[in-house]
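This report concerns only the one structure given below.
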Amino acid sequence: GDLHLRHVLVDGSCHATGVIDWGDLCRGDPACDLAFAFMALRGRPRSALLAAYGPVSPATALRARAIALRIATMLALHAHAEGDGALRAEALAAVGRATT
């Protein structure tokens, strides 16, 4: 329930290379983990992740989008307050991805 932009490592080409911070790993609403698909991906990559995950109901997808939007917005506000321009830009991009 805690997979978001600050917990995914990427290389210089923005390819995912790892995941950190498993502190909130638990069995819960799949929308919490699927939120990453809506925050970080669009188009074919998002479709591939969702297809590999298995059946996702429209209600779960909607909750995942809502969670993605909430997390990305909170990250953008935090980054703005801290003066972290790179995180702010990525969080705002995630807001856009979550709404498309």
Side-chain angles (χ1 to χ4, degrees):
D2 194 27
L3 184 61
H4 60 73
L5 302 173
R6 294 186 68 188
H7 295 165
V8 177
L9 302 175
V10 297
D11 63 17
S13 300
C14 291
H15 292 104
T17 60
V19 176
I20 60 171
D21 190 0
W22 295 95
D24 291 335
L25 181 66
C26 64
R27 182 176 167 104
D29 186 346
C32 293
D33 291 323
L34 292 173
F36 177 78
F38 293 98
M39 240 187 330
L41 306 171
R42 278 191 187 154
R44 287 184 188 176
R46 181 189 293 167
S47 296
L49 187 149
L50 294 173
Y53 185 83
V56 177
S57 72
T60 299
L62 180 60
R63 285 193 314 278
R65 277 187 190 274
I67 293 166
L69 186 56
R70 177 181 170 265
I71 291 172
T73 301
M74 289 178 13
L75 285 174
L77 290 169
H78 169 74
H80 179 73
E82 295 295 318
D84 186 336
L87 178 58
R88 181 177 176 268
E90 182 53 33
L92 290 174
V95 167
R97 289 187 293 267
T99 58
T100 59

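Index from 1, following the sequence.
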| said: Quick check: closest heavy atoms across Met39 and Ile71, and the distance to 0.1 Å? | reply: SD-CG2, 3.8 Å
| query | Which residue pairs satisfy the salt bridge (charged side-chain N to carboxylate O under 4.0 Å, His left out) criterion with at least one member in residues 42-64, sequence neighbours excluded? | reply | Asp29-Arg63
Report all side-chain donor-acceptor pairs from residues 79-87 shorter than 3.5 Å, counting only partners two or more places apart or in another chain.
unit_1 : atom_1 : unit_2 : atom_2 : d
His80  : ND1    : Arg88  : NE     : 3.4
Asp84  : OD1    : Ala86  : N      : 3.4
Asp84  : OD1    : Leu87  : N      : 3.0

| remark: Hits for side chain to side chain donor-acceptor pair (under 3.5 Å) against Ser57, two or more places apart or cross-chain, chain-then-number order -> Thr60
| message | Which residues pass the side chain to side chain contact (heavy atoms under 4.5 Å, CB included) test with Ala61, not counting sequence neighbours? | response | Phe38, Val56
| said: Membership question, hydrophobic clusters at under 4.5 Å side-chain separation (ILVMFWY): are Leu62 and Ile67 in the same one? | reply: no
| note | dist Asp11:CG -> Thr17:OG1 (nearest 0.5 Å) comes out at 6.0 Å
| message | Set out, in order, the CA-CA distance, both residues' side-chain angles and the distance that settles side-chain contact (heavy atoms from CB on, under 4.5 Å) for Met74 and Arg70, then state yes or no. | response | CA-CA 6 Å; Met74 289 178 13; Arg70 177 181 170 265; 3.8 Å; yes
| note | For Ala35 and Ala68, the nearest pair of non-hydrogen atoms, with its separation, is O-CB, 3.4 Å
| said: Which residues pass the side chain to side chain contact (heavy atoms under 4.5 Å, CB included) test with Thr73, not counting sequence neighbours? | reply: Leu69, Leu77, Val95
| request: Could you list the residues that satisfy salt bridge (charged side-chain N to carboxylate O under 4.0 Å, His left out) with Arg65, not counting sequence neighbours? | output: none
